Student: 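I have a structure here, written as structure tokens, and I will follow up with some questions on it.
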Amino acid sequence: MTFKHNFKKVLSATAFAAALVVAPAANVSAATNDASSTQQSATATSQDQQASQDQAASQSSAANQSSSTSTSSATSTSTVKKTTKKAKKTTKKIKKKTSKKKAVKKVAKKTTKKKAAKKAKKTSKKSTKKTTKAATAAVTASAGQSQATDQQDDAAKKAAEAAAKKAAAKKKAAAKKKAAAKKKAAAKKKAAAKKKAAKKSAEKAAKYWIAMRESGGYYTARNGSCYGRYQLLISYLGGDLSKKNQERTADRYVYGRYGSWVNAKRFWLAHNWY
């Protein structure tokens, strides 16, 4: 009874997780228990057969039985402890392996995540660099185009200004030339008018001079076949002795023969007649 009680106490102290490992130990304990029961039966039979033996022999037999039971119990407890220790060791190893696997998985996951992040960062950086490069190229191209457009605009503006300036200069020169021509024409006209006026005045003076030499200025003066202020042949007057006809006839005669009264005067001075 003492052995069974001790075995149960030891078995209840072990963990259920080690039950599978402990199973062989339980079998050993059962075998040991059966052996112990057989030995007790043999001892009881020996006591019945040797009832006549003395109390000292019985006490010695009981002491031997108790020693055998204690030895068996100690052996079983030692086996259970070893088995439990082994189970704990195995469990510890399994836990260690599991922890190691988890750590490896964690490291692998972390490494994968890190690689993915690094790759994403690299891709993002590359994309950003590419985008920046494209944007810079676009800005440069735009700036170049804008500069070219500005240069074209400046060139066009300068060309327009030059053309306008040239046109203005040409117009000014044309206006100046026209003004000069007009002025020249005016001067020429004025000179012509002046010349004409002078000629008219000279003609008038020459005509008056001849009239005074021929008739003293009288429209009724007569000398033979000549008559009037300019002493024309009466036949020239055609029967009209009026002052108006005398003037008209005298002009026609002088301009027809001498071209002018001035020339007629010049002729008169040379010949005393005209």
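Numbers for residues simply follow the sequence, beginning at 1. Keep in mind that what you see is a predicted model, and the values were worked out from it rather than measured.
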Student: Return the minimal non-hydrogen interatomic distance between Ile234 and Arg222, and the atom names on each side.
Tutor: CD1-NH2, 3.4 Å
Student: Do Tyr208 and Val262 belong together in a cluster built from hydrophobic side chains that touch within less than 4.5 Å?
Tutor: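 Tyr208 and Val262: separate clusters.
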Student: With a 4.5 Å limit on heavy-atom distance, are the side chains of Cys226 and Leu233 in contact?
Tutor: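 When only atoms from C-beta onward are counted, Leu233 and Cys226 do touch, with a gap below 4.5 Å.
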Student: Would a single hydrophobic cluster contain both Leu269 and Val254, if residues Ile, Leu, Val, Met, Phe, Trp and Tyr are joined by side-chain heavy-atom contacts under 4.5 Å?
Tutor: yes
Student: Flag the pair Tyr227 / Thr220 as yes when at least one side-chain heavy-atom distance between them is below 4.5 Å, and no otherwise.
Tutor: yes
Student: About how many Å separate NZ of Lys177 and NZ of Lys170, when rounded to the nearest 0.5 Å?
Tutor: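 Nearest 0.5 Å value for the NZ-NZ distance: 11.0 Å.
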Student: Report the residues that fulfil side-chain hydrogen bond (donor to acceptor under 3.5 Å, both in side chains) with Tyr253, sequence neighbours left out, ordered by chain and then residue number.
Tutor: Arg257
Student: When you measure from the side chain of Asn223 to the backbone of Gln231, do you find a donor-acceptor pair of N or O atoms at a distance under 3.5 Å?
Tutor: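 No; zero donor-acceptor contacts below 3.5 Å.
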Student: I need the single residue from Tyr274, Trp209, Trp261, Tyr236 that forms a ring-ring contact (aromatic ring centres under 6.0 Å, His included) with Tyr230. Which is it?
Tutor: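 Testing each of Tyr274, Trp209, Trp261, Tyr236 against Tyr230, the sole residue satisfying ring-ring contact (aromatic ring centres under 6.0 Å, His included) is Trp261.
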Student: Do Arg252 and Thr249 have side-chain heavy atoms sitting under 4.5 Å apart?
Tutor: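 Yes, side chains in contact.
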Student: Would you call Arg266 and Tyr258 a side-chain contact if the rule is heavy atoms closer than 4.5 Å?
Tutor: no
Student: Inspect the surroundings of OH in Tyr218 and state if more than 12 heavy atoms from other residues, nucleotides or ligands are less than 6.0 Å away.
Tutor: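 No, because the 6.0 Å sphere around OH of Tyr218 holds 12 heavy atoms or fewer from other groups.
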Student: Taking Asn245 for its side chain and Asp240 for its backbone only, find out whether a donor-acceptor pair lies under 3.5 Å.
Tutor: yes
Student: Is a side-chain N or O of Ser215 found less than 3.5 angstrom from the main chain of Ala211, in a donor-acceptor match?
Tutor: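 Such a contact is found between Ser215 side chain and Ala211 backbone.
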Student: Which pairs pass salt bridge (Lys or Arg N to Asp or Glu O under 4.0 Å) with one or both residues in residues 198-211, sequence neighbours excluded?
Tutor: Lys207-Glu247, Lys207-Asp251
